[in-house]
Student: 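Encoded as structure tokens, here's the structure I'll be asking about.
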There are 2 protein chains.
Amino acid sequence: MASKTGTSDRTHVQLRLTVDLVILTVRDGALQVLLVERGNAPFRGRPALPGGFLRPDEDIRDAAVRELAEETGLNGDALPLRQLRVFGRPDRDPRGRIVTVPYLAIAPNLPPPIAGSDATTAKWWPVDALDKDGTSLAFDHDDILRLAIDEAGRELEDTTVATAFCGDTFTIGELRRIYELIWGQALDPRNFNRKVTKADGFLEPVGTRPSREPGRPAMLYRAGPAKRLYPPMLRPNGSEEGAS
Amino acid sequence: MASKTGTSDRTHVQLRLTVDLVILTVRDGALQVLLVERGNAPFRGRPALPGGFLRPDEDIRDAAVRELAEETGLNGDALPLRQLRVFGRPDRDPRGRIVTVPYLAIAPNLPPPIAGSDATTAKWWPVDALDKDGTSLAFDHDDILRLAIDEAGRELEDTTVATAFCGDTFTIGELRRIYELIWGQALDPRNFNRKVTKADGFLEPVGTRPSREPGRPAMLYRAGPAKRLYPPMLRPNGSEEGAS
DNA sequence: CCAAAAGTGTTCCGGCTACACCCATGC
DNA sequence: GCATGGGTGTAGCCGGAACACTTTTGG
């Protein structure tokens with residue numbers, strides 16, 4: 001690293017670093033993302049990803065965990081939290097050179113308002129509603145969100161994170177709807193069922209759910225110990241995704 | 001992003017950002033990485049990944065391309081260049097808070113000394129020699145290197161980057177040796193042959209190589225237009241890698 | 001009885017594995 | 001001839017795709 005440029009050389013920039021969180025969940029049959037309303041310029045009043053500046057002597061991941069707790073009350077250590085590629089275009093923030101490290105967090109269906117945080121304006125937004133009415137986020141957060149959803153889809157393929165979208169116990173149908181929502185395509189319920197029940201350590205049966213809807217009552221499961229999924233789940237299509 | 005912390009709040013850090021390059025190649029039947037010898041403290045005299053500080057108003061990826069050109073004369077725009085996750089432990093650099101963005105570059109077998117750069121001490125190091133004699137790199141570059149090799153292995157599975165390790169034309173045996181080196185395991189030459197020749201857009205035949213070694217002369221190929229590989233190459237083992 | 005969701009059985013097919021076998025060369 | 005690497009053929013297996021069929025509920 002820069003063996004040739006001494007520390008006396010000051011052509012390099014001092015800059016600030018933020019972490020931003022893409023917290024995804026599934027509520028009311030829709031993929032939703034947690035956004036806050038900006039209270040200050042720039043982009044005042046516009047929705048933005050929750051996040052904040054890195055503190056001195058704070059590890060970057062710790063900053064993400066801290067912000068997650070502040071905004072949602074969730075314990076980031078217990079949640080799948082994944083670093084995405086940084087965004088650092090020189091003009092991405094009018095306040096100066098600010099590079100951001102985005103983290104993807106996948107959360108179960110949480111109580112709506114997420115109280116107890118200083119970001120009282122935090123709200124869940126359905127992702128496809130953003131697209132449809134053309135709401136655009138502050139900074140380059142639209143790009144970050146798109147990347148995050150893309151990565152989430154890829155992560156569903158060979159990890160068991162999908163269970164993190166669900167509560168403690170869930171049915172296979174609920175799990176399938178997670179996949180269908182994020183991948184943006186329908187799956188065969190019967191083959192899906194076989195596949196996930198046979199995947200070692202993915203699901204553990206815990207009884208039967210008395211049905212409230214027409215149809216045969218479903219078995220209940222909880223997440224098993226496995227983290228990686230092999231063989232991976234395959235999308236009907238070969239690859240690529242829309243994630244409308 | 002930090003709607004609650006006004007810009008007047010100064011609990012957040014000013015820091016500096018570097019890019020580091022993990023430039024991998026295959027030479028003399030071994031996986032090698034390009035390292036420079038540090039001329040200044042800290043870690044003076046220790047091998048390190050080439051890289052340097054981000055300049056004002058410079059995009060991060062542009063910085064990586066610039067450093068790549070400075071160190072190797074390679075045009076980074078034409079090379080597969082991929083951002084890895086950032087490394088930013090508060091104590092990773094004794095000079096202060098410095099966060100680094102590592103990039104993975106995969107290069108064909110280059111002329112050894114790589115002249116014309118200011119990093120005249122740049123040299124190729126066989127990766128497993130580093131492990132064996134316990135040579136450790138400056139900063140946390142050992143960790144970055146390990147991550148990069150891991151990512152390279154995963155990238156071989158579903159992209160055509162492996163051809164970037166080869167020259168303009170190459171035989172299937174040469175290509176196979178790339179996979180074997182990075183994955184650290186032997187592949188069946190016959191099945192490998194079929195698989196890659198059938199993969200659409202992966203290889204284009206360009207004639208026959210007169211053999212210098214015993215054995216039937218091999219067909220020559222050049223890289224085809226395809227970038228992604230579907231279905232992916234599968235490792236004999238399910239997953240995981242040693243990459244000794 | 002009908003619609004709807006859950007779950008099982010079965011058939012088909014394509015890709016991967018393993019290995020037998022042929023080809024072309026240097027020595 | 002023989003060792004060595006290149007390449008083709010082929011049989012078996014496994015997993016996914018498709019879909020018929022049974023089960024169990026609410027209306």
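Computed over heavy atoms, backbone and side chain alike; hydrogens, waters and symmetry mates excluded. Note that the structure is predicted; figures quoted are calculated from it, not measured. First the proteins, then the strands, lettered A, B, ... as listed; each starts at 1.
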Student: Taking CG from A/Leu234 and C1' from D/dA18, how many angstroms apart are they, rounded to a whole number?
Tutor: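 Atom-to-atom, A/Leu234 to D/dA18, this comes out as 15 Å.
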Student: Tell me which of A/Arg190 and A/Pro214 sits closer to the 5' end of DNA chain C, going by the nucleotide each one is nearest to.
Tutor: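 Closest to the 5' end, via its nearest nucleotide, is A/Pro214.
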Student: Does A/Asp168 CG have over 12 foreign heavy atoms under 6.0 Å away?
Tutor: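 No, CG of A/Asp168 has 12 or fewer neighbouring heavy atoms, counting only those of other groups under 6.0 Å.
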Student: Let me know the distance between CZ of A/Arg235 and P of D/dG16, rounded to the nearest Å.
Tutor: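 Interatomic distance, CZ of A/Arg235 to P of D/dG16: 16 Å.
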Student: How close or far is atom P of D/dG6 from atom CG of B/Leu203, stated in whole angstroms?
Tutor: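 Taking atom P of D/dG6 as the reference, CG of B/Leu203 is at 14 Å.
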Student: Between B/Asn193 and D/dG7, does any side-chain N or O lie under 4.0 Å from OP1 or OP2?
Tutor: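 Indeed, a polar side-chain atom of B/Asn193 lies that close.
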Student: From CG of A/Leu220 over to P of C/dA5, roughly how many Å is that when rounded to an integer?
Tutor: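 That distance rounds to 17 Å.
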Student: Name the nucleic acid region contacted by A/Arg209, choosing base, sugar-phosphate or nothing; use a 4.0 angstrom heavy-atom cut-off, strictly under.
Tutor: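 No contact.
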Student: Could you tell me whether a side-chain N or O of B/Asp142 sits under 3.5 Å from a main-chain N or O of B/Leu137, the two making a donor and an acceptor?
Tutor: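 Between the backbone of B/Leu137 and the side chain of B/Asp142 there is a qualifying donor-acceptor contact (under 3.5 Å).
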Student: For the ring pair A/Phe170 and A/Tyr221, is the centre-to-centre distance below 6.0 Å?
Tutor: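 When the ring centroids of A/Phe170 and A/Tyr221 are compared, they turn out to be at least 6.0 Å apart.
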Student: Please give, in whole Å, the distance from C/dA24 P to B/Met219 CE?
Tutor: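 Rounded to whole Å, this separation is 12 Å.
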Student: Could you state the CG-P distance from A/Leu187 to D/dG16, rounded to the nearest angstrom?
Tutor: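 In whole Å, D/dG16 P and A/Leu187 CG are 13 Å from each other.
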Student: Would you confirm whether A/Thr25, through its side chain, and A/Gln32, through its main-chain N or O, come within 3.5 Å as a donor-acceptor pair?
Tutor: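 Not a single qualifying donor-acceptor pair exists.
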Student: Give a yes or no answer on whether the side chain of B/Lys123 reaches the backbone of B/Pro47 with a donor-acceptor pair at less than 3.5 Å.
Tutor: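 Such a contact is absent between B/Lys123 side chain and B/Pro47 backbone.
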Student: When the distance from CG of B/Asp188 to C1' of C/dC21 is rounded to whole Å, what number comes out?
Tutor: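 To the nearest whole Å, that distance equals 14 Å.
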Student: Rounded to the nearest angstrom, tell me the gap between atom CZ in B/Phe192 and atom P in C/dC19.
Tutor: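 The distance from CZ of B/Phe192 to P of C/dC19 comes to 20 Å, rounded to the nearest Å.
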Student: Establish, with yes or no, whether the OP1 or OP2 oxygen of D/dG16 is under 4.0 angstrom from a side-chain nitrogen or oxygen of A/Asn191.
Tutor: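 No, A/Asn191 has no side-chain N/O under 4.0 Å of OP1/OP2 on D/dG16.
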Student: Can you tell me if A/Lys195 touches the phosphate of D/dG15, counting only side-chain N or O atoms and a distance under 4.0 Å to OP1 or OP2?
Tutor: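 Checking D/dG15 against A/Lys195, no side-chain N or O comes under 4.0 Å of OP1 or OP2.
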Student: On DNA chain D, does the nearest nucleotide to A/Arg216 precede the nearest nucleotide to A/Arg194 from the 5' side, or the other way round? Give the residue.
Tutor: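 Result: A/Arg194.
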Student: Name the residue closer to the 5' end of DNA chain C, choosing between B/Gly215 and B/Pro231 according to the nucleotide with the nearest heavy atom.
Tutor: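 Whichever sits nearer the 5' end wins; that is B/Pro231.
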